[in-house]
S.K.: 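Handing you a structure now.
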Amino acid sequence: MPRRPPTATADVPSTAVEEPPLLSNAEIARILHEIGDILEVKGEVVYKTVAYHRAADEIARHPVEVARAYREGRPPTIPGVGKAIAEKLEELARTGRLAYYERLREEFPASLLALLEIPGVGPKTVKLLYEQLGIDSIEDLRRAAEAGRLRSLRGFSAKAEQSILAGIAALERRPGRMLLDRAATHVAAIEGALAGTPGLRRLVAAGSYRRRVETIGDLDLLAETDEPEAVVERVTTLPEVERVLGRGSHKASVVLRGGPQVDCMIMPPGAAGTYLVHFTGSKAHNVRLRARARDRGWSLSEHGFLRLGPDGEPLAGAEAELRTFATEAEVYGFLELPYIEPELREDRGEIEAALAGRLPRLVERSDLRGDLHCHSDWSDGVHDIATMAEAARRAGLEYIVLTDHTVSLAIARGLDPARFAAQRAVVAELNARYEAEERDGRIPPGGSPAGFRILHGCELEIRADGSLDLPGEVLAGFDLVVASLHVGRRQPRERLTARVLAAIRNPHVDVIAHPAGRIIGERDDLDLDWDAVFEAAAEAGTALELNGSPHRLDLSAERARQAVAAGCLLAIDSDAHRTTEFSHLDWGVSQARRGWVEATSVVNARSRAELLAWAAGKADRGG
DNA sequence: GCCGTTTTCGGCCCGACTGTTTTCAGTCG
């Protein structure tokens, strides 16, 4: 509901009541995280600080613009946001400021919080350093440590000074979060290096990587082994290791040269179930499982379930009772839950869905029969059409839609109608060859599906003025059209949204590629009215892409979930520009799974005939 | 500060490793 300006008087121009700029979800999350950090340093009860961090995380990934929603008087229900934080959001949305936050900032300088980033330095240490020595920045701390001034503090020694200096150095060299493909490369390298370690039965990469979170901080490896010492020894002496953070009988922590921290945990043979659950997380999911275990008289940890006594403490000594399981399915079963896929374990409703028997049947890579978005060297791809097609066929696909860029995207050497006509002839020739191979009974190389075909499409530019890059009669000649927006990204929300809506409603457009236009860690989402986008796409039957390129993953899992809930179809595409990039379909599928997507919502899980019928039907309906 | 298939109050997950404070607090995941 629009707010009425304060009682208007003739001498107050309307601009005087102009509203402050809207804070993004990321900005709100940053403020709440900072409040949580300050409260930690203050020594507030830990649950209060956790509450602020939790709310911040929820807001950061919330699909709706929280400040806008509050300002419009329809605050969304957000898990972890109760009365107190809701009031603060209200204030932030209306005024762009927060008095509570400003008071805390006066008490503790912002530079102080940077100290928390140093490995091994926590809130208690920061408080001590600030109150005893007045240290309020990393630079201050470095000087004090170098001058040997820390050892005067209780609990500090010369060794502690060295470890703080090492922590500061590590912080400065620390790479940011990794994209999924880079994490996968590290995992494969470590798996290779640990192969043949005596006693090692298996190695599982757990943690956020197993949940396929879009960016990964540390790697968590689980080793099921008969000889823990051998694994710990091997991990800590890998040639890629720059620094050993710790090593014990149950775990080893190392930092790889120019790479992430790797924690390797030991699982005793035959008891992997609770270890896998524990170290796959997320933390929020685990908390729910533990509460459920406790309700049933058991304490759950990575080691297994311990029977609780009447005092609520685990039974000890002769009475102690430990239940372990070999598989995760048995762990969930013990809690009277069906197995929950790793990608769902975020406490985003999966426990409730499991209890209600309503877990989704998540889409799998093997459900994909084609790829609706890939390029060749006719525009900005690396390989020629035949080579790309061959790679797609080896990847088990039944079809690809070749979607080179259209003419106005000059930087990608976009094609004009004449070039597209020439390309269509090449595609036809290749398809004729595939057909002949089948007729002659020749098995396609790699043993991939027979009946493989290339469909002809384009990646149609949505121009800055909102028009499309090719006229309708040219578009009508394609098997399928993927439209996307690369230019004029900074236009105001209304104009951007209008451009996308026009493309969605154009009967020749079948898919909107990478709808949010983000590059993870580099470029924010387009400022679109997402409700309007989803509504229009659902109504027009135009599919929204989940682009599997690891630096895009666009739609995000959260938006994909919203889109499907709004009745939209999705396309999971690779956007391959070279043969190796058809593997991006794996990342696209994993994000779709994080978004609770089922195969029935995915157009390229359909056969070629069904897909073509869908595209033709769309064009006809538009007339 | 949040939250409810026991609870609107009283909980809130649990353990490994480190350093050093010879019995534990701090940090981390």
Side-chain angles (χ1 to χ4, degrees), chain A residues 32 35-36 39-41 43-58 77-89 100 115-129 150-151 153-164 166-167 206-208 217-222 228 232 236 244-254 261-266 274-275 277-306 308 312-314 322 335-336 347 351-352 355-356:
Chain A
L32 294 183
I35 291 173
L39 293 177
E40 276 183 49
V41 173
E44 260 293 358
V45 286
V46 64
Y47 298 111
K48 190 162 162 177
T49 71
V50 167
Y52 276 98
H53 289 302
R54 157 122 205 260
D57 286 336
E58 291 290 345
T77 304
I78 303 170
V81 174
K83 186 162 175 289
I85 294 182
E87 279 169 8
K88 293 180 175 70
L89 293 178
Y100 176 67
L115 298 180
L116 291 170
E117 300 292 312
I118 303 170
V121 175
K124 297 286 196 298
T125 307
V126 170
K127 185 177 166 74
L128 187 70
L129 292 169
L150 301 184
R151 64 191 72 172
L153 293 173
R154 179 178 164 77
F156 278 79
S157 63
K159 192 167 180 185
E161 287 169 346
Q162 289 313 307
S163 119
I164 281 184
S208 53
D218 304 339
L219 294 178
D220 297 297
L221 301 181
L222 288 175
V232 169
T236 50
V244 177
L245 297 174
R247 51 179 298 168
S249 56
H250 291 78
K251 80 179 267 199
S253 290
V254 299
Q261 177 175 330
V262 178
D263 297 322
C264 182
M265 270 71 62
I266 305 297
T274 46
Y275 285 84
V277 169
H278 177 88
F279 288 107
T280 296
S282 64
K283 191 180 287 185
H285 179 84
N286 287 353
V287 166
R288 295 292 304 273
L289 295 187
R290 289 204 157 102
R292 199 168 162 79
R294 193 155 268 278
D295 288 346
R296 285 168 168 63
W298 296 86
S299 165
L300 170 60
S301 80
E302 62 265 45
H303 305 302
F305 294 89
L306 273 174
L308 294 171
E313 292 296 312
L322 176 70
L335 293 171
E336 295 174 80
D347 191 20
I351 308 269
E352 291 76 5
L355 286 169

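Below, read A as the first sequence line, B as the second, and so on, with proteins coming before strands; counting in each chain starts at 1.
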S.K.: Quantified in whole Å, what is the P atom distance between nucleotide B/dT8 and nucleotide B/dG4?
M.R.: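 It works out to 13 Å between them.
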S.K.: Please tell me which of the listed nucleotides, B/dG29, B/dC2, B/dC14, lies nearest to the side chain of A/Ser301?
M.R.: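 Given the options B/dG29, B/dC2, B/dC14, the side chain of A/Ser301 is closest to B/dC14.
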S.K.: The side chain of A/Ile85 is closest to which nucleotide in this list: B/dG1, B/dA16, B/dC13?
M.R.: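 The answer is B/dG1, which lies nearest to the side chain.
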S.K.: Roughly, in whole Å, what's the span from CG in A/Leu335 to C1' in B/dC13?
M.R.: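 Going from CG in A/Leu335 over to C1' in B/dC13 covers 13 Å.
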S.K.: Indicate yes or no for a side-chain donor-acceptor contact from A/Glu44 to the backbone of A/Thr49 under 3.5 Å, with no hydrogens or angles considered.
M.R.: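 No: the side chain of A/Glu44 does not pair with the backbone of A/Thr49.
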S.K.: Between A/Phe156 and A/Leu128, is the side chain to side chain contact (heavy atoms under 4.5 Å, CB included) condition met? List the steps.
M.R.: CA-CA 11 Å; A/Phe156 278 79; A/Leu128 187 70; 3.7 Å; yes
S.K.: Counting any heavy atom closer than 4.0 Å, what does A/Arg54 reach on the DNA or RNA strands: base, sugar-phosphate only, or nothing?
M.R.: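 Result for A/Arg54 = nothing.
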S.K.: How close or far is atom C1' of B/dG29 from atom CG of A/Leu221, stated in whole angstroms?
M.R.: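 Atom CG in A/Leu221 sits about 14 Å away from atom C1' in B/dG29.
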S.K.: Whole Å only: how far is the CD atom of A/Glu40 from the P atom of B/dC28?
M.R.: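 Taking CD of A/Glu40 and P of B/dC28, I get 10 Å after rounding.
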S.K.: Whole-Å distance between B/dG1 C1' and A/Glu44 CD?
M.R.: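 These atoms are roughly 9 Å apart.
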S.K.: Just by modelled atom types, is the A/His278 backbone N or O under 3.5 Å from a matching donor or acceptor in the A/Asn286 side chain?
M.R.: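 Looks like yes, one N/O pair under 3.5 Å.
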S.K.: Give A/Phe279 one of three labels, base, sugar-phosphate or nothing, depending on what nucleic acid heavy atoms sit under 4.0 Å from its own.
M.R.: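 The residue A/Phe279 makes no contact with any strand.
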S.K.: P atom, B/dC13 versus B/dC3: distance in rounded Å?
M.R.: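 So the two P atoms sit 14 Å from each other.
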S.K.: Which one, B/dT27, B/dG1, B/dC13, comes nearest to the side chain of A/Val287?
M.R.: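 Of the candidates, B/dC13 comes closest.
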S.K.: If you pin A/Phe156 and A/Val126 to their nearest nucleotides in DNA chain B, which one's is more 5'?
M.R.: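 Counting from the 5' end, the first nearest nucleotide belongs to A/Phe156.
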S.K.: Base, sugar-phosphate alone, or nothing: which one does A/Val81 contact when heavy atoms must sit under 4.0 Å apart?
M.R.: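 Answer is sugar-phosphate: A/Val81 comes under 4.0 Å of backbone atoms only.
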S.K.: Side-chain N or O of A/His53 less than 4.0 angstrom from OP1 or OP2 on B/dG1?
M.R.: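 Result: no.
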S.K.: So A/Leu300, base contact, sugar-phosphate only, or nothing? Heavy-atom distance under 4.0 Å.
M.R.: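 Answer is sugar-phosphate: A/Leu300 comes under 4.0 Å of backbone atoms only.
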S.K.: Quick one: does A/Leu153's side chain get under 4.5 Å of A/Leu129's, heavy atoms only?
M.R.: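 Contact flag for A/Leu153/A/Leu129 side chains = yes.
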S.K.: Between B/dC12, B/dC17, B/dG29, which nucleotide gets closest to the side-chain atoms of A/Tyr47?
M.R.: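 The answer is B/dC12, which lies nearest to the side chain.
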S.K.: Any side-chain N or O of A/Ser299 under 4.0 Å from OP1/OP2 of B/dC13?
M.R.: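 The answer is no; no side-chain N or O of A/Ser299 sits under 4.0 Å from OP1 or OP2.
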S.K.: Mind calculating the distance between CG (A/Leu219) and C1' (B/dG29) to the nearest angstrom?
M.R.: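 Value for this atom pair: 14 Å.
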S.K.: For B/dC12 and B/dT6, measure between their P atoms and round to the nearest Å.
M.R.: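 Pairwise P distance, B/dC12 against B/dT6, rounds to 15 Å.
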S.K.: NA contact type, A/Val50, heavy-atom cut-off 4.0 Å: base, sugar-phosphate, or nothing?
M.R.: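 Since no nucleic acid heavy atom lies under 4.0 Å of A/Val50, the category is nothing.
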S.K.: Please measure how far the P atom in B/dT22 lies from the corresponding atom in B/dC28, and state the result in whole Å.
M.R.: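 Here B/dT22 and B/dC28 have their P atoms 23 Å from each other.
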S.K.: For A/Ile118, report the nucleic acid contact type (base, sugar-phosphate, nothing); a contact means any heavy atom under 4.0 Å.
M.R.: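 Touches sugar-phosphate only.
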S.K.: Taking A/Leu300's backbone N and O only, do any of them form a donor-acceptor pair with A/Arg290's side chain (distance below 3.5 Å, no angle check)?
M.R.: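 Here the side-chain-to-backbone pair exists.
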S.K.: Side-chain N or O of A/Thr125 versus OP1/OP2 of B/dT27: is the shortest distance under 4.0 Å?
M.R.: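 It does, given that an N or O in the side chain of A/Thr125 lies less than 4.0 Å from OP1 or OP2 of B/dT27.
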S.K.: I need the CG-P distance between A/Asp347 and B/dC3, as an integer number of Å.
M.R.: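 Nearest whole value for this atom pair: 10 Å.
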S.K.: Is there a side-chain polar atom (N or O) of A/Tyr52 under 4.0 Å from OP1 or OP2 of B/dG1?
M.R.: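 So the side-chain polar atoms of A/Tyr52 do come within 4.0 Å of the phosphate oxygens OP1 or OP2 of B/dG1, strictly under.
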S.K.: Categorize A/Thr49 for me: base, sugar-phosphate, or nothing, with a 4.0 angstrom heavy-atom threshold over every strand shown.
M.R.: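 Here A/Thr49 touches no strand at all.
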S.K.: Counting only side-chain nitrogens and oxygens, does A/Arg294 get under 4.0 Å of the OP1 or OP2 atom of B/dC14?
M.R.: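 True: A/Arg294 side-chain N/O within range (under 4.0 Å) of B/dC14 OP1/OP2.
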S.K.: Between atom CD1 in A/Ile78 and atom P in B/dC3, what is the gap in whole Å?
M.R.: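 These atoms are roughly 11 Å apart.
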S.K.: Between B/dT27, B/dC13, B/dA16, which nucleotide has the shortest distance from any of its atoms to the side chain of A/Lys124?
M.R.: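 So the side chain of A/Lys124 is nearest to B/dT27.
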S.K.: With sugar-phosphate meaning primed atoms plus P, OP1 and OP2, does A/Gly155 contact a base, only sugar-phosphate, or nothing at under 4.0 Å between heavy atoms?
M.R.: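 Base contact.
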S.K.: Categorize A/Gln261 for me: base, sugar-phosphate, or nothing, with a 4.0 angstrom heavy-atom threshold over every strand shown.
M.R.: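 Result for A/Gln261 = sugar-phosphate.
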S.K.: Between A/Ile351 and A/His285, is any pair of side-chain heavy atoms under 4.5 Å apart?
M.R.: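 In contact.
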S.K.: For B/dT8, which nucleotide in any strand shown is its Watson-Crick or wobble partner with both distances under 3.5 Å?
M.R.: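 Per the H-bond distance test, none.
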S.K.: If we take the P atom in both B/dG11 and B/dT7, what is their distance in whole Å?
M.R.: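 Result for the P pair: 14 Å, nearest Å.
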S.K.: On a whole-Å scale, what distance lies between the P atoms belonging to B/dT21 and B/dG26?
M.R.: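 It works out to 14 Å between them.
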S.K.: On DNA chain B, compare the nucleotides closest to A/Asp263 and A/Lys83; which residue's is nearer the 5' end?
M.R.: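 The 5'-side residue here is A/Lys83.
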S.K.: From C-beta outward on A/Leu306, which listed nucleotide comes closest to its side chain: B/dT6, B/dG1, B/dG15?
M.R.: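 Nearest to the side chain of A/Leu306 among the choices is B/dG15.
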S.K.: For a 4.5 angstrom cut-off between non-hydrogen side-chain atoms, does A/Leu289 reach A/Val277?
M.R.: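 Side chain of A/Leu289 against side chain of A/Val277, heavy atoms only: contact under 4.5 Å found.
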S.K.: Does a donor on one side chain sit under 3.5 Å from an acceptor on the other, for A/His250 and A/Glu302?
M.R.: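 Checked: A/His250/A/Glu302 side chains show no N/O donor-acceptor pair below 3.5 Å.
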